[in-house]
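This report refers to the structure that appears directly beneath it.
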Protein chains: 2
Amino acid sequence: MTPEPGGGLRSTRQRAAVHAVLSEVDGFHSAQDLHAILRERGERVGLTTVYRTLQGLADAGEIDVMRPPGGEALYRRCSQGHHHHLVCRTCGQAVEVAGPAVEAWADRVAAQHGFVEVSHTVEIFGTCPRCAAGEQMRDTGGQ
Amino acid sequence: MTPEPGGGLRSTRQRAAVHAVLSEVDGFHSAQDLHAILRERGERVGLTTVYRTLQGLADAGEIDVMRPPGGEALYRRCSQGHHHHLVCRTCGQAVEVAGPAVEAWADRVAAQHGFVEVSHTVEIFGTCPRCAAGEQMRDTGGQ
DNA sequence: TGCGCTTTTGACAATCATTGTCATTAGCGC
DNA sequence: GCGCTAATGACAATGATTGTCAAAAGCGCA
């Protein structure tokens, strides 16, 4: 029970590595994905540590977590404020989008029903122009 | 490898049971949850079958699936059209909400970036009035 | 009504992401 | 440098979901 206020975190090589990878890669990646990237770079970081570090970063609001229908959670370093994502379901590329109207709508709807402590998730999935262009060879015969 | 789409389904006792439970319970429930309810009722349905039936129903658009941050997927029978949910994170009670403005916003944002085949998920979490009221004492059993 | 083909079922194993464990290692203040 | 304590990491454990495959049950058809 001696909680160090604020400075309770130690700066370790592993944490820096995870942080660095997140800064350099583009789009959303799973924890295992990031772990593989670290290994390729020669960084020796345990998978458990990757998970914990990501958890901590997500907890601190420094990265965003997304749970696509597929299964694994995806992480990405994002701008700090509240925003949402437009994600390509083929290549993973993500665009940050802001929707003040949506925020307002969500709050209003929740308030109408008397809900408090409201949070919301908005995710838009689609196929980005590049992937859509390379994908059109797929309707032989059909259904 | 030519399963009859649409009419290829047979009506079985198990499928009817799952369907019935979904009609009678309120709010979102996990697959394992529904399986437990079926067992309590004396219906002998395998867990695998529950999963498959739910998958089929979700595929047919007859039920809604939600993946809360917690982990398991939750299922609920809903009205057919496209809509979203305002869910109490304490008791699970859910309110269907429609947001034409949000749909339009999502489509517009996606189109601006050239994305096609767009889908989106919107979920609002909060604490419903009843849970918010009873949360200071947390004594009344409620149900 | 009975038969047979095909789908469905269900017990169990397999998978797979994520979390817990715990001995070892390494920051950081002194 | 020393020591305390948090962090690490290999491994096991968890737990939801999916695959497997033989047995059972629907439904069309004779």
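Naming convention: chains lettered A, B, ... in sequence-line order (proteins, then strands); numbering from 1 in each chain. As a basis for the values below, the full set of heavy atoms in this structure was taken, side chains included, without hydrogen atoms, waters or symmetry mates.
With DNA chain D read from its 5' end, the first of the two nearest nucleotides for Arg39(A) and Ala73(B) is the one closest to Arg39(A). Nearer to the 5' terminus of DNA chain C, by closest-nucleotide assignment, is the contact made by Arg44(B) (compared with the other of Tyr51(A) and Arg44(B)).
Taking 4.0 angstrom as the limit, Gln14(A) places none of its side-chain polar atoms (N or O) nearer than this to OP1 or OP2 of dT25(C). Under 4.0 angstrom from either OP1 or OP2 of dT8(D) there lies at least one side-chain N or O belonging to Arg15(A). At the phosphate of dT8(D), neither OP1 nor OP2 sits under 4.0 Å from any side-chain N or O atom of Thr48(A). The side chain of Ser11(A) contributes an N or O atom lying less than 4.0 Å from OP1 or OP2 of dC28(C).
Within the 4.0 angstrom heavy-atom criterion, only backbone atoms of the sugar-phosphate kind lie near Thr12(B); the bases stay farther away.
Rounded to whole Å, atom P of dC12(C) lies 12 Å from atom NE2 of His35(B). Note: CZ (Arg10(A)) to C1' (dA26(C)) measures 8 Å, nearest angstrom. Nucleotide dA16(D) holds its P atom 12 Å from the OH atom of Tyr75(B), rounded to whole Å. Atom CG in Leu47(B) sits roughly 15 Å away from atom C1' in dA14(C) (whole-Å rounding). Remark: C1' of dG9(D) and CD of Glu43(A) are 15 Å apart, rounded to the nearest angstrom. Regarding Arg52(B), its CZ atom lies at a distance of 12 Å from the C1' atom of dC12(C), rounded to whole Å. Rounded to an integer number of Å, the gap from CD of Gln32(A) to P of dG9(D) is 16 Å. Taking atom CZ of residue Arg13(A) and atom C1' of nucleotide dG9(D), one finds them 11 Å apart after rounding to whole Å.
The line from CG of Leu22(B) to NE2 of His29(B) is 9.0 Å long, rounded to the nearest 0.5 Å.
The aromatic rings of Phe28(B) and His85(B) sit perpendicular, their planes meeting at an angle over 60°, well past the 30° parallel limit. In this pair, His120(A) and His84(A) present their aromatic rings tilted. The plane angle is within the 30 to 60° band.
Out of dT17(D), dG27(C), dT18(C), the shortest distance to the side chain of Glu72(B) is found at dT17(D).
Side-chain atoms of Arg77(A) and Ser23(A) form a donor-acceptor pair, as typed in the model, at a separation below 3.5 Å.
Using a 4.5 Å heavy-atom threshold, the side chains of Phe115(A) and Pro129(B) count as touching.
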